[in-house]
Protein chains: 2
Amino acid sequence: MNYSRQREIILNTLKQNVVHPTAEYLYDVLKKENPSISLATLYRNLNQLAENGIIKKIDGLESSSHYDHNTHDHYHFICDKCKKVFDISADVAPDLVKKAQEETGFTIMGSDIVFHGICKNCNK
Amino acid sequence: MNYSRQREIILNTLKQNVVHPTAEYLYDVLKKENPSISLATLYRNLNQLAENGIIKKIDGLESSSHYDHNTHDHYHFICDKCKKVFDISADVAPDLVKKAQEETGFTIMGSDIVFHGICKNCNK
DNA sequence: ACTAAAATGAGAATAGTTATCAACTTTAGG
DNA sequence: CCTAAAGTTGATAACTATTCTCATTTTAGT
């Protein structure tokens with residue numbers, strides 16, 4: 001993977017983002033500072049960054065993928081009402097991967113763990 | 001939800017299926033016995049059955065959704081090589097939802113828990 | 001600076017799924 | 001058992017998210 005200005009911008013934008021944005025959301029943000037950036041470039045780079053373990057692609061949330069600059073082991077929660085995505089600490093299930101591996105005998109390389117329901121704020 | 005012959009056929013076909021099929025796979029199977037069934041009818045009914053908790057839609061596996069007639073609490077593993085989907089018992093993380101709920105204070109209505117890696121067979 | 005490999009932007013193409021709509025079924029009430 | 005309202009169907013158009021193509025530009029090593 002060579003250096004590329006666009007990839008740097010994309011990664012920085014994702015890092016500065018508190019939410020877990022979709023490509024569409026990122027594209028809107030990126031275009032403000034870099035009107036010439038192409039959607040294909042964005043997708044290409046998000047995929048490359050994810051393949052290299054620099055970011056994480058989160059599937060299973062909605063019809064579109066979300067992206068996370070936090071690659072530490074943790075889970076996600078999406079509110080069915082406001083669609084906001086929250087982090088859940090991996091502490092709620094220590095050794096989950098290890099145990100799953102022991103039970104199945106499979107080599108587990110990754111996981112997508114997504115909860116959904118109603119967040120505190122929407123519950124009021 | 002009224003009775004419909006097509007829905008019954010779709011549900012039965014899913015129940016008889018040991019794998020966790022995609023809509024495409026189900027459609028191919030269904031057409032053999034019911035050549036006139038429409039793809040739209042299949043998707044409509046899978047969504048309705050899932051909304052009513054009769055089946056479960058599994059997202060986060062591949063670009064397309066898979067469907068599961070087993071609605072008991074359990075997780076999934078997809079082999080990155082052969083793309084087969086396996087069940088993992090929820091016993092590997094007892095009270096996972098309860099703990100996540102305690103930690104976050106959110107009302108958790110469901111979860112999608114997907115592991116991926118290499119299955120026993122492909123590991124040989 | 002020169003070259004090969006990698007990356008870009010623009011837009012076309014693809015895949016999976018949902019929407020539309022006229023015709024047909026199902027259901028509940030009289 | 002008839003009817004009207006509500007629900008469902010098949011066919012196909014439309015949509016959305018993402019990937020592909022390709023000519024041009026950028027990067028990295030010599």
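Counting only N and O atoms by type, the side chains of H74(A) and D68(A) include a donor and acceptor under 3.5 Å apart. Looking only at atom types and distance, the side chain of D59(B) has no donor-acceptor partner in the side chain of H66(B) under 3.5 Å away.
Counting to the nearest Å, the C1' atom of dA17(D) and the NZ atom of K57(A) are 10 Å from each other. Atom CG of D59(A) is separated from atom C1' of dA17(D) by 12 Å (rounded to the nearest Å). Atom CG of N47(B) and atom P of dG7(D) are 17 Å apart (whole Å). Counting to the nearest Å, the P atom of dT9(D) and the CG atom of L46(B) are 11 Å from each other. In this structure, E24(A) atom CD and dC15(D) atom P are separated by 15 Å, rounded to whole Å. One can place CG of L26(B) at 14 Å from P of dG16(C), the figure rounded to the nearest angstrom.
Among residues two or more places apart in sequence or in another chain, the side chain to side chain donor-acceptor pair (under 3.5 Å) test is passed with K124(B) by N121(B).
Where the helix from dA1(C)-dT30(D) to dG30(C)-dC1(D) starts and where it ends, the local axes point in directions that differ by 40°; five pairs per end, rounded to 10°.
Put simply, the side chain of F115(B) reaches to within 4.5 Å of the side chain of V97(A), judged on heavy atoms.
Taking only side-chain nitrogens and oxygens, S65(A) comes nearer than 4.0 Å to OP1 or OP2 of dT18(D). Distances shown here put a side-chain N or O of Y43(B) below 4.0 Å from the OP1 or OP2 atom of dT17(C).
Within 6.0 Å of CE in M1(B) there are more than 12 heavy atoms belonging to other residues, nucleotides or ligands.
For T13(B) (side chain) and I9(B) (main-chain N/O), a donor-acceptor pair under 3.5 Å exists by modelled atom type.
Taking CG of L30(B) as the start and CG of N45(B) as the end, the distance is 10.0 Å to the nearest 0.5 Å. Here NZ of K31(A) is found 8.5 Å from CG of L39(A). Values are rounded to the nearest 0.5 Å.
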Which parts of nucleotides 2-13 of chain C does protein reach within less than 4.0 Å, heavy atoms only, written one letter per nucleotide 5' to 3' as B for base, S for sugar-phosphate only and - for none? ----SSBBBB--
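Salt bridge status for K56(B) with D112(B): present, with a side-chain N to carboxylate O gap under 4.0 Å.
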